[in-house]
Amino acid sequence: MELASKYDPRAIEEKWYQFWLDKKLFHSEPDNRVPYTVVIPPPNVTGVLHMGHMLNNTIQDVLVRRARMQGKNACWVPGTDHASIATEAKVVKMLAERGIDKRSLSRDEFLKYAWEWKEQYGGIILKQLRKLGASCDWDRTAFTMDDVRYESVMRVFVDLYNKELIYRGVRMVNWDPQALTAVSDEEVVYKESHGKLFYLRYFVEGEDRYIVVATTRPETIMGDTAVCVHPEDERYSWLKGKRVVVPGVGRVVPIIMDEYVDREFGTGALKITPAHDINDYNLGMKYNLESIDIFNDNGTLNEHGGKYAGMDRFACRKQIVKDLDEAGLIEKIEDYTNKVGHSERTDAVIEPKLSAQWFLKMEGLAKRALEVVEDDTIRFHPAKFKNTYRHWLENIKDWCISRQLWWGHRIPAWYLEVNGRVETVVALNEEEARKLAAEKYGYTGALRQDDDVLDTWFSSWLWPISLFDGIRNPDNPEIKYYYPTADLITAPDIIFFWVARMIMAGEEYRKDVPFHNVYFTGIVRDKLGRKMSKQLGNSPDPIELIEKYGADGVRMGMLLTAPAGNDLPFDESICEQGRNFSNKLWNALRLVSGWQVETSTPKDSKSRSLEDSKSNNEVAVQWMEQRMAQVLEEIERDFDQYRLSEALMATYKLAWDDFCSWYLEMVKPAYGTPIDRETYEATLSIFSRLMLMLHPFMPFVTEEIWHALQTMGKDDEKAAFINANYSIMNQHMPTSVYYDQRLLDEFDTAREVIAGVRNIRNTRNLSPKEALEVSYIASDERFRIDRFEGIIRKLGNVSAVKVITEKPAGALSFMIGTTECFVPMSQNVNREEELKKLQEDLKYAEGFLNSVLKKLSNEKFVNGAPAAVIEKERNKQRDAETKIAALKAQIAALG
RNA sequence: GGGAGUAUAGCUCAGCUGGUUCAGAGCGCCUGCCUUACAAGCAGGAGGUCACUGGUUCGAUCCCUGUUACUCCCACCA
């Protein structure tokens, strides 16, 4: 078999993904195994894959594939989110481009377009995930608005309404004038903005005196219904009981006094606009003030705006300032910086607005959701997010769940009029509602359904349950088997939107947590530390990256720099490392596949060298097995703590350094000679297990190499059978076993000897082809290299390893611990240089000894420190003294 | 305004319960090599007052005080 010297991921990745799909290896059904469930954080149905998705889904895939190989029944459920506001905005825009105005459409017509759009563009992102290698159970693909999920949402709404946890009320909400809908508190982003603070004159009714009020929003004076000052503010005590004229408007409003006012801010006087500010609204309630709503839903002035009616709020601000200024009603204007709320989805400036909305009571739900995180029934990784979570839940307010949109789950509330009163019935569907209306009110006329839809998160919060139909059929075998899920992998910015609410829903509808662990990924940033975004154009296209470096390469690149909860400064070049690693593995395969295996065991003298190499190889195999067991232990620990990047790094080093650089070099037969069968088999086995360990991180290249290894040396028929019927995916992950630390230590010493020889060669410009001799004085029992002598000879190109008792003349030396090693030189050594080097070493050793002696002569240390620590210091002292003596002797020999 | 977090090599980060895993890893950098698996490679090497300050301790990268810088979250000051 002839293999290309460069690994080309493209064809290989496609081949294996199709193979996995054909074999239905991602599919899961409940059985006797332990379940391992992960639900995907559903991406927006019309979204495209970005780097954040890449990171998030790579992590999920690593965990899922590992669990599967550990013998668990892994089920990773994919799906998409209907994303009410975002999708509706996209559809509106698409229609506008086609010259269609949303307002000219009926609800049904609009929804038809929306569904068409969804069918056309929806799910692109799921296709892209396949390129990444995601091992989702695609048969289970769900959508938050498909039949099962839709009905689940309806049932939950009805249930919570009947439990009196859902209510409808007129409240001040965050209004998005662009999307024309209310949004929740969490969907408002406050941004620093440079504006002005306007000082307006409010004349006292019938007098020449006036009071100056500072405001950032002069356009709202049309809605002013009072001016408020602090009751103890002596500057304004004269105003008590008076009334003032709203400038430019002419309306006469009362002066009220309330401690809410901050006397230090502005002039200490505050204008009250109950319809357009939450605080003013509260004061309005308290003092029974009139509330005048001056805005239309789209942010233009309504009929209360007088001559400004129809103008946009920001245009109106300019105009009104101009007009007031001309009328001499502006005292001054100052620059001012404050935080202005923007809609997360549309970026429009949020307008506080009074409107009728549906709310969900949070108090009881929040309490339970807090408990399960506090007592570690659910663990956060990293744990610091517990603080954030607690703080939010302890200060939570009722959740505004209605949205004035069409795309979404329509609120199942119907209105009817009986005896001049509007009554509400809430039911699963219109038919049920009709029945209910008849029962409760004896009403049989037409019903009018609420126009609003539910907040998107009102469906996502049920996701871990509704995916297994656990709302509609709470006792079905699937929900019982797969719920609670194991791990949730998500970004910290949706901890409130989604994570907290899923926990609430889990407690409410399953009396159990929805997952046991939450792994918070970091935010993917560019080299300059900026968040990746479409606007900045600093986000690479993940699909292009995959084409360039292979999915394995990109996965590895992402994982290497992404410890849990840390932001990840992404640089494309990191993918190169992943690609190079794939290539390295590929070339290891090329090496092994080219080996000739010993066919008979000849007894003649020619086989001496083969026998020699055999015993070397035995040690090599032993060592590699021990090393592998050690790393496996490390990796298991890393996974337990969700330290994925560390687990990958450990595996990477095991494969590259230990396996390729050391092990393969140890057993590699000389050119033209065969390798013994035992070593060959052992190598294939070790290599295969390495592939298993790497498979969760790099699924494609490992599957390819694993197959090559399994079929190596097999006849065509057998190979074809293996290729058609086996996959690395469901092989059993190796587990750590006992390993011999002594052997590992001995190898480390041997490795230092080899490095010492190579270093001498390197610094003295000696040819690697010239064999050197190594000798050492055996004085330290910790220095044991007997077992690795043959390997030292092979890898260091050493002709002999000798134990001696006297320092040889004319030799170069290096120290390993307290043992001196010598390399005799045929040519003259550079005395000056050697002397300089030895003196530097001596100086360092003496300094080190000094610090140790200082410690040991400190009575407090000797009395206070534990015996073991003191013993260690004494050992250090002895070693340092030995070393110093040796160095001095060498210097003397040279001089 | 409140709260949380971070600061260790040029970069990104480990360093778990104070003492031989104690100053580490990967990448980058420097030097020499196209050594028949791999230049997407091989061998060797250099780099750090562990942000600053004071304290606790026989002993501090690690615990405590304060300072500085950055990051994030929360909040209705017009």
Side-chain angles (χ1 to χ4, degrees), chain A residues 3 5-7 172 185 190 197-198 213-217 220 228 260-262 264-273 277-282 336 338-339 341 352 382 384-392 395 492-493 495-496 523 527 529 549 553 560-563 565-571 573-574 576-595 637 641 643 645-646 648-650 652-653 660-661 664-665 668 671-672 754-755 758-763 765 767-769 797 855 858-866 868-870 872-873 875-876:
Chain A
L3 298 173
S5 71
K6 295 249 186 298
Y7 174 67
M172 189 65 88
D185 292 344
Y190 288 87
L197 190 58
F198 303 90
V213 174
T215 179
T216 53
R217 304 200 57 195
T220 61
C228 187
Y260 165 75
V261 176
D262 177 0
E264 306 300 317
F265 189 90
T267 59
L270 175 66
K271 70 188 207 57
I272 306 296
T273 320
D277 184 284
I278 178 69
N279 303 300
D280 293 10
Y281 173 74
N282 292 337
Y336 185 67
N338 67 340
K339 302 255 180 167
K384 66 176 177 187
F385 287 108
K386 260 171 107 165
N387 294 326
T388 320
Y389 181 81
R390 181 188 315 113
H391 186 261
W392 185 70
N395 297 286
D493 51 353
I495 186 169
F496 307 134
I523 295 165
K527 280 193 259 196
Y549 302 101
L560 275 179
T561 36
N566 269 21
D567 280 5
L568 142 98
F570 185 80
D571 183 350
S573 65
I574 193 94
E576 255 178 62
Q577 197 183 344
R579 178 201 58 179
N580 294 355
F581 185 45
S582 301
N583 195 49
K584 183 74 186 176
L585 299 171
W586 178 252
N587 275 290
L589 173 67
R590 283 183 70 212
L591 174 68
V592 174
S593 68
W595 282 346
R637 212 171 32 235
Q641 294 167 37
R643 290 149 60 132
S645 45
E646 309 238 333
L648 173 57
M649 182 52 74
Y652 170 79
K653 286 198 276 190
C660 292
S661 298
L664 287 180
E665 293 298 333
K668 186 165 147 184
Y671 184 68
I754 294 168
R758 283 172 173 172
N759 189 12
I760 282 177
R761 233 189 260 286
N762 233 321
T763 51
N765 260 328
S767 161
K769 292 195 172 110
N797 190 16
K855 239 189 207 177
N858 182 343
E859 249 177 71
K860 286 181 182 169
F861 171 71
V862 179
N863 295 334
V869 173
I870 294 171
K872 273 176 191 164
E873 289 301 315
N875 285 338
K876 276 192 209 170

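Given the structure is predicted, the values throughout are model-derived calculations rather than measurements. Every chain is numbered from 1 and lettered A, B, ... according to where its sequence line falls, protein lines coming before strand lines.
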Handout entry: Any donor-acceptor N/O pair, A:N583 side chain to A:R579 backbone, under 3.5 Å
Key = no
Can you name the nearest heavy-atom pair linking [X] to [Y], along with the distance?
X      : Y      : result
A:R761 : A:S767 : NH1-O, 3.1 Å
A:V261 : A:G268 : CG1-O, 3.3 Å
A:C660 : A:A588 : SG-CB, 4.0 Å
A:A214 : A:G266 : CB-CA, 4.1 Å
A:V213 : A:K271 : CG1-N, 3.4 Å
A:M172 : A:Y281 : CE-CB, 3.4 Å

Between [atom2] of [N] and [atom1] of [X], the distance in whole Å:
X      : N     : atom1 : atom2 : value
A:Q577 : B:C13 : CD    : P     : 15 Å
A:I272 : B:C77 : CD1   : C1'   : 12 Å
A:K872 : B:G19 : NZ    : P     : 9 Å
A:L648 : B:C13 : CG    : P     : 16 Å
A:I870 : B:G59 : CD1   : C1'   : 12 Å
A:E873 : B:C58 : CD    : C1'   : 11 Å
A:N765 : B:G44 : CG    : C1'   : 12 Å
A:L591 : B:C38 : CG    : P     : 9 Å

Please list, for nucleotides 1-4 of chain B, all pairs of protein and nucleotide N/O atoms separated by less than 3.5 Å.
none

Looking only at atom [atom1], what distance separates [N] and [M], rounded to whole Å?
N     : M     : atom1 : value
B:C34 : B:G15 : P     : 42 Å
B:G59 : B:G18 : C1'   : 8 Å
B:U49 : B:U68 : P     : 25 Å
B:C62 : B:G24 : C1'   : 15 Å
B:G45 : B:A25 : P     : 12 Å
B:A78 : B:A60 : P     : 49 Å
B:U21 : B:U67 : P     : 35 Å
B:A69 : B:A46 : P     : 37 Å

Problem - Reported CZ-to-CE distance for the pair A:R643 and A:M649, which is rounded to 0.5 angstrom - result: 13.5 Å
Fill in the blank from the handout: Rounded to the nearest 0.5 angstrom, the CD1-CG distance for A:I272 and A:D280 is 4.5 Å
What nucleic acid atoms does [X] come within less than 4.0 Å of, heavy atoms only: base, sugar-phosphate, or nothing?
X      : value
A:V592 : nothing
A:K876 : base
A:I278 : sugar-phosphate
A:Y336 : sugar-phosphate
A:K769 : nothing
A:R643 : sugar-phosphate

Problem - Nearest-nucleotide comparison on RNA chain B, the residue closer to the 5′ end among A:Y652 and A:K860 - result: A:Y652
Practice task
Between A:T216 and A:D185, just flag the one whose closest nucleotide in RNA chain B comes earlier from the 5' side.
Solution key: A:D185
Handout entry: Donor-acceptor pair (no angle test) under 3.5 Å: A:E665 side chain, B:A37 base
Key = yes
Within the sub-3.5 Å range, which N or O atoms of nucleotides 40-42 of chain B have a protein N or O partner, and how far apart are they?
from  : atom 1 : to     : atom 2 : distance (Å)
B:A40 : O4'    : A:N580 : OD1    : 3.0
B:A40 : O2'    : A:N583 : ND2    : 2.9
B:A40 : N3     : A:R579 : NE     : 3.4
B:G41 : OP1    : A:N580 : ND2    : 3.4
B:G41 : O3'    : A:K584 : NZ     : 3.1
B:C42 : OP1    : A:K584 : NZ     : 2.6
B:C42 : OP1    : A:W656 : NE1    : 2.8

Nearest to the [X] side chain among [options], which nucleotide is it?
X      : options             : result
A:R758 : B:A78, B:A14, B:G44 : B:G44
A:E646 : B:A14, B:C76, B:G44 : B:A14
A:K668 : B:A37, B:A78, B:C74 : B:A37

Exercise for the section: Could you tell me which residues satisfy side chain to side chain contact (heavy atoms under 4.5 Å, CB included) with A:N282, sequence neighbours excluded, listed by chain and number? Expected result: A:I278
Exercise for the section: With sequence neighbours left out, write down each residue that passes side chain to side chain contact (heavy atoms under 4.5 Å, CB included) with A:N279, or none if nothing qualifies. Expected result: A:Y260, A:D277
Practice task
With pairs defined as Watson-Crick or G-U wobble and both distances under 3.5 angstrom, please note down RNA chain B as a dot-bracket string, | for pairing with another strand.
Solution key: (((((((..((((.....[....)))).(((((.......))))).....((.((..]....)).)))))))))....
Practice task
Report the residues that fulfil ring-ring contact (aromatic ring centres under 6.0 Å, His included) with A:F581, sequence neighbours left out, ordered by chain and then residue number.
Solution key: A:Y652
Problem - Syn or anti for B:G24 (syn when the glycosidic angle lies within 90° of 0) - result: anti
Problem - B:U57 glycosidic torsion: syn (within 90° of 0) vs anti - result: anti
Handout entry: Parallel, tilted or perpendicular, as decided by the 30° and 60° cut-offs, for the rings of A:F496 and A:W392
Key = parallel
Problem - Qualifying residue for side chain to side chain contact (heavy atoms under 4.5 Å, CB included) with A:H391, from A:N395, A:T388, A:N387 - result: A:N395
